[in-house]
Amino acid sequence: MGGRAPVMRRFILIAFVAAGLFVSGCVRPSVSHSFGDLPFDMPAWSLPSIPSRSVTLTDFGAIGDGVADNTAAFARAIDRLTEQGGGHLVVPAGIWKTGPIGLKSHIDLHLERGAVIVFDSNQDLYPIIDTNFEGLDVRRCLSPIHATGEHDISITGEGIIDGNGDAWREVKKRKVSSDLWKKILAKGGVLSEKEDVWYPDEGYYKARLTAGSLNYPDPSLDEQEIKTFLRPVMVSLRECENILLEGCTFQNSPCWNLHPLYCKNLTIKNIMVRNPAWSTNGDGIDIDACENVWLTGSSFDVGDDAICIKSGKDEDGRRHAKVCRNLLIEDCTVYHGHGGFVIGSEMSGGVENILVRNCSFIGTDVGLRFKSARGRGGLVRNIWCDRIYMKDIVDYGVVFNLYYAGVAASELTKDGQPDIQPVDETTPEFRDFVFSNIVCQGADQAIFINGIPELPVRGIRFAHSVFTSDKEVEVYNAEDVTFEDVTVNGKPVRQ
């Protein structure tokens with residue numbers, strides 16, 4: 001790639017139909033949509049095959065008063081549909097308190113306008129299971145909405161899914177107002193005055209004190225004692241195929257909001273994802289080692305990375321060896337988040353073939369964020385970002401940081417020479433990126449590239465872009481970085 005324009009190819013994707021269009025007899029929708037030119041080959045895929053039959057949650061004894069426990073009603077409804085070959089579970093207007101919901105093949109969970117699913121904070125409903133989080137095979141609580149190995153599933157409608165995350169998360173005092181901080185302290189829990197951090201209970205606090213890293217506790221601790229610390233992602237879809245998420249609002253998750261892992265053929269349209277700005281690990285969507293994804297027309301306002309691409313971490317990620325590939329992300333807006341569009345830092349299985357276009361990032365910490373570290377391994381390549389509009393970015397408009405976790409760009413050995421380590425399977429590689437038609441009005445720094453000397457970032461092209469920022473461009477340990485018609489504060493950027 002480098003300074004060459006990408007070769008464009010055309011493909012047709014079997015696209016979504018409106019959530020209200022039920023297709024009889026498990027016939028797949030035949031409506032098509034052309035995305036126009038893409039710079040990589042994207043296969044066509046089908047939307048979920050959902051029979052036309054439907055049941056209503058109240059048919060199974062559910063009560064939408066925000067008090068009754070509807071866990072059994074959801075389970076009975078899904079089991080009934082499964083016995084009949086699938087269909088639509090309609091959730092009418094009301095507040096539906098429930099424990100975990102397990103989705104199954106050929107099931108559409110359809111929330112009508114005014115429907116709010118609120119997950120119970122009773123931890124007894126969420127057993128600790130073997131799962132994968134932040135790229136590692138770990139033990140954590142069962143997710144409020146979950147599916148493993150299922151196919152042809154969807155969540156649609158105009159309702160709201162609320163993870164009741166306030167019952168699970170720690171809170172840092174510096175991130176909230178004084179009035180909210182008082183309300184949080186009034187709930188009980190444990191306050192670490194040294195850190196100015198509130199923890200939901202003693203077990204969480206104990207796990208945090210002994211954690212080898214942010215989210216991985218000492219394995220000698222009793223899982224049940226530290227259960228709150230093992231908080232789940234809200235929607236976990238693992239090894240599933242033909243998935244549709246459309247129209248709903250997903251909010252207030254205990255940890256990450258949406259986590260498709262090892263999935264294939266995923267269509268996400270017109271959803272809203274919300275987490276409090278102070279929510280720890282409050283990511284919007286983490287597309288993890290998936291293939292064939294279309295994310296469009298959606299908005300994010302979250303407490304961590306908003307639209308994040310991952311593929312496993314370190315040895316576990318390399319062992320699973322699942323590349324995240326073939327993604328089209330377009331017409332999305334991010335209001336708050338650590339990063340608008342992000343790759344990493346867990347990318348050990350590799351990431352390739354992504355086009356991000358016509359997206360707006362308003363007030364995010366970073367606009368376009370690419371991060372990794374020595375020890376990860378993995379190849380990230382063939383990434384295009386076009387027509388990205390950014391305003392009031394707190395830190396960087398575009399950043400590559402392969403020293404993720406705070407090591408300085410000018411890292412030197414004691415004798416003043418670069419710290420060059422051997423290149424092997426643990427060495428991360430980032431190459432072949434094209435940034436075009438980027439507009440960034442306001443950032444601390446326009447572009448910052450911080451590669452590693454043994455395998456520099458390379459083949460990075462910026463074209464037809466305008467940045468306004470306090471600091472301009474810094475590049476360390478990078479090769480073949482080109483600028484064509486790029487200005488920062490009205491001045492052309494020279495190579």
Side-chain angles (χ1 to χ4, degrees), residues 9 11-17 23 26-33 35 38 40-50 86 102-109 131-133 135 137 143 145-156 233 235-246 250 256-269 271 284-296 298 307-313 316-330 343 346-356 378-383:
R9 305 178 182 93
F11 83 101
I12 301 295
L13 172 68
I14 304 302
F16 75 99
V17 288
V23 182
C26 284
V27 177
R28 294 182 184 276
S30 59
V31 178
S32 297
H33 179 79
F35 289 110
L38 293 185
F40 52 87
D41 289 327
M42 176 86 99
W45 69 83
S46 299
L47 285 178
S49 170
I50 310 292
L103 297 179
K104 297 183 180 180
S105 299
H106 300 294
I107 298 292
D108 168 42
L109 179 63
T131 185
N132 185 285
F133 176 66
D137 296 327
S143 290
I145 294 181
H146 59 274
T148 299
E150 304 293 339
H151 59 87
D152 297 285
I153 57 179
S154 61
I155 303 173
T156 63
V233 301
V235 180
S236 172
L237 305 174
R238 179 168 179 164
E239 297 176 293
C240 295
E241 188 168 345
N242 291 343
I243 303 161
L244 172 65
L245 305 179
E246 182 185 4
F250 300 86
W256 296 352
N257 216 312
L258 304 175
H259 185 205
L261 173 68
Y262 309 150
C263 291
K264 188 175 181 179
N265 303 342
L266 174 59
T267 303
I268 306 165
K269 175 156 184 160
I271 66 169
I285 184 169
D286 293 87
I287 301 170
D288 199 343
C290 295
E291 292 190 28
N292 308 336
V293 180
W294 179 33
L295 168 59
T296 183
S298 298
I307 303 170
C308 193
I309 314 303
K310 300 181 181 291
S311 65
K313 183 177 181 180
D316 281 356
R318 294 191 296 272
R319 176 169 48 81
H320 288 297
K322 292 184 180 293
V323 180
C324 194
R325 58 160 64 99
N326 301 339
L327 279 67
L328 173 60
I329 299 167
E330 61 182 352
I343 297 179
E346 301 92 53
M347 35 59 67
S348 301
V351 176
E352 65 184 17
N353 298 348
I354 299 178
L355 172 60
V356 185
L379 170 62
V380 178
R381 65 177 179 178
N382 299 344
I383 312 297

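Keep in mind that the numbers below use all heavy atoms, side chains included, and drop hydrogens, waters and symmetry copies.
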Visitor: Does Ser311 reach the main-chain N or O of Ala289 with its side chain, forming a donor-acceptor pair under 3.5 Å?
Guide: no

Visitor: Please determine which of Ile309, Ile343, Ile354, Val293 meets the side chain to side chain contact (heavy atoms under 4.5 Å, CB included) test together with Cys324.
Guide: Ile309

Visitor: Would you compute the distance between atom CG of Leu245 and atom CG of Leu295 and round it to the nearest 0.5 angstrom?
Guide: 9.5 Å

Visitor: What residues, two or more places apart in sequence or in another chain, satisfy salt bridge (charged side-chain N to carboxylate O under 4.0 Å, His left out) together with Glu352?
Guide: Arg325, Arg381

Visitor: What is the minimum heavy-atom distance between Gly135 and Asp316, and which atoms define it?
Guide: O-CB, 3.7 Å

Visitor: Specify the closest pair of heavy atoms between Gly149 and Cys240, including all atoms of both residues, with the distance to one decimal.
Guide: N-SG, 3.9 Å

Visitor: Would you give the length of the straight line joining atom CD1 of Ile285 to atom CG of Asn257, rounded to the nearest 0.5 angstrom?
Guide: 9.0 Å

Visitor: If I take atom OG from residue Ser348 and atom NE2 from residue His320, how far apart are they, to the nearest 0.5 angstrom?
Guide: 11.0 Å

Visitor: Mind checking what makes side chain to side chain donor-acceptor pair (under 3.5 Å) contact with Asn132, not counting sequence neighbours?
Guide: Asp137

Visitor: CD/Glu246 to CG/Asp108 distance, rounded to the nearest 0.5 angstrom?
Guide: 9.5 Å

Visitor: If you take all heavy atoms of Leu38 and Leu328, which pair is closest and at what distance?
Guide: CD2-CD1, 4.1 Å

Visitor: Verify whether one side chain among Thr148 and Glu239 offers a donor that lies under 3.5 Å from an acceptor in the other.
Guide: no

Visitor: List for me each residue that meets ring pair (Phe, Tyr, Trp, His ring centres under 6.0 Å) alongside Phe250, sequence neighbours excluded, and say none if there are none.
Guide: none

Visitor: I need the Phe40 CZ to Leu327 CG distance, nearest 0.5 Å.
Guide: 7.0 Å

Visitor: Can you name the residues that form a side chain to side chain donor-acceptor pair (under 3.5 Å) with Ser236, not counting sequence neighbours?
Guide: none

Visitor: Let's go through Leu103 and Ile155 carefully: what are the C-alpha distance in whole Å and the side-chain angles of both, what is the deciding distance for side chain to side chain contact (heavy atoms under 4.5 Å, CB included) to 0.1 Å, and is it a yes or a no?
Guide: CA-CA 9 Å; Leu103 297 179; Ile155 303 173; 3.9 Å; yes

Visitor: Give me the atom names and distance for the closest heavy-atom approach of Ala147 to Glu150.
Guide: CB-CG, 4.0 Å

Visitor: Pairs under 3.5 angstrom only: tabulate donor-acceptor contacts from the side chains of residues 258-265 to other protein residues two or more places apart or in another chain.
Guide:
from, atom 1, to, atom 2, distance (Å)
His259, NE2, Asp288, OD2, 3.0
Asn265, OD1, Asn292, ND2, 2.9
Asn265, ND2, Asn242, OD1, 3.1

Visitor: Considering non-hydrogen atoms only, spot the tightest contact between Thr267 and Trp45 and give its length.
Guide: OG1-NE1, 3.2 Å

Visitor: Would you name the heavy atoms of Ile287 and Cys290 that are closest together and state the gap between them?
Guide: CG2-CB, 3.9 Å

Visitor: Taking side-chain contact (heavy atoms from CB on, under 4.5 Å) as the definition, give me every residue that meets it alongside Thr131, ordered by chain and number, with sequence neighbours left out.
Guide: Ile129, Val138, Arg140, Arg238

Visitor: Donor-acceptor check, side chain of Ser154 to backbone of Leu244, threshold 3.5 angstrom: yes or no?
Guide: no

Visitor: Could you give the distance from CD1 (Ile153) to CD1 (Ile107), rounded to the nearest 0.5 Å?
Guide: 10.0 Å

